[in-house]
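These notes are about the structure you will find just below.
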Amino acid sequence: MQTLTSEQRQFFETAASTYAADLAADTSAQEYLKGRGFDGQAAATYRLGVVRRPLVGHESYAGRLAIPYITPSGTVNMRFRCLGAHDCKAEGCPKYLSADGMDSNLYNVLDLKRDSPFICVTEGELDAATLSMAGLPAVGVPGVENWQQHFSKCLDDFDTIYVFGDPDTAGRKFGKFLAREVKARPVRLPQGEDVNSLYCKEGADGLRRLIHE
Ligand SMILES: [Zn+2]
């Protein structure tokens, strides 16, 4: 696991506060988040932000959604999601960028401390936050290619691990991968929906129903 210097921690803290303040003054980014079910309170809970005043070294993330990795000991990492009104893949635009020089972490590890017999795992931060908002404890993996061996240990204490992959080839691959790595149970989403779209349509119940058959 990567250990951060106190300067690095302070830097991520400053970045998270700066970009959260930028979001508070940015109605278009707020609208984007609202369209995904994140109101002001949810944005504050997950300390989401938008990079309008990039810190030194963060210039290449300008205009992106900032997603801090919050742990009991503060913010330890950050990823940046494109907010462009386009299909990133078609545009050859990287949908997510990681902070330079950082290894990957599990996202939303605060949920590992919640009193629950199960944990949900998603590919991507916003889906994990969405499940968490819906009352389903969840952590996010920043892409299957960024899986780290020690992530398995973090999930050891749970009786059941549910994996929520998108209903496409990449999502099925993610489900299979986690079934093998941590004996996760893949959860099937309705055709054409992902975690976030289902939440926006049917609310928390739409997601809870998937694991409480
Ligand atoms: Zn893009």
Side-chain angles (χ1 to χ4, degrees), residues 11-12 15-40 42-70 75-108 121-133 138-147 163-175 177 189 191-201:
F11 178 72
F12 279 125
S17 322
T18 304
Y19 305 149
D22 286 354
L23 176 62
D26 188 321
T27 47
S28 76
Q30 289 168 21
E31 282 306 312
Y32 170 90
L33 286 171
K34 259 189 213 133
R36 277 155 186 78
F38 291 86
D39 59 12
T45 299
Y46 298 99
R47 300 188 69 189
L48 300 176
V50 65
V51 185
R52 295 295 175 212
R53 294 170 295 163
L55 268 54
V56 173
H58 279 184
E59 292 82 359
S60 56
Y61 312 126
R64 286 179 172 256
L65 183 70
I67 308 172
Y69 277 60
I70 302 163
T75 303
V76 299
N77 206 341
M78 197 172 260
R79 291 231 301 159
F80 304 91
R81 188 190 201 281
C82 176
L83 286 174
H86 58 227
D87 177 353
C88 291
K89 222 178 230 169
E91 299 286 324
C93 157
K95 193 170 179 182
Y96 282 93
L97 291 172
S98 299
D100 282 337
M102 296 298 297
D103 285 339
S104 59
N105 296 83
L106 272 183
Y107 175 75
N108 202 36
V121 184
T122 67
E123 188 168 23
E125 294 86 354
L126 293 185
D127 278 354
T130 302
L131 285 165
S132 193
M133 280 196 290
V139 291
V141 179
V144 65
E145 70 282 1
N146 292 315
W147 179 263
V163 54
F164 287 72
D166 291 343
D168 58 16
T169 312
R172 277 188 291 277
K173 194 175 140 198
F174 182 66
F177 175 80
L189 283 144
Q191 195 60 39
E193 304 289 352
D194 58 32
V195 165
N196 189 255
S197 68
L198 189 61
Y199 177 72
C200 291
K201 260 187 211 163

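Quick note: residue numbers are just sequence positions, from 1. Note that the coordinates shown come from a computational prediction; the quantities given were computed from them, not determined experimentally. One-based numbering, in listed order, for ligands and for the atoms of each.
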Problem set entry | Heavy-atom donor-acceptor pair, Ser104 side chain to Pro142 backbone, under 3.5 Å | no
For this session: Tell me, with the steps shown, if Ser197 and Asp194 meet side-chain hydrogen bond (donor to acceptor under 3.5 Å, both in side chains).
Result: CA-CA 5 Å; Ser197 68; Asp194 58 32; 3.2 Å; yes
Exercise. Could you give all pairs that pass the salt bridge (charged side-chain N to carboxylate O under 4.0 Å, His left out) test and reach residues 46-67, with sequence neighbours left out?
Worked result: Glu13-Arg47, Asp22-Arg53, Asp26-Arg52
For this session: Over all heavy atoms of both residues, which pair between Leu106 and Tyr69 is shortest? Give the atoms and the distance, please.
Result: O-CD2, 3.3 Å
Exercise. Under 2.8 Å from the Zn ion (ligand 1), which protein N/O/S atoms are there?
Worked result: Cys82 SG, His86 NE2, Cys88 SG, Cys93 SG
Problem set entry | Under 3.5 Å donor-acceptor, Tyr61 side chain and Ser98 backbone | yes
For this session: Please work out which of the three classes, parallel, tilted or perpendicular, describes the rings of Phe38 and Tyr46, given edges at 30° and 60°.
Result: perpendicular
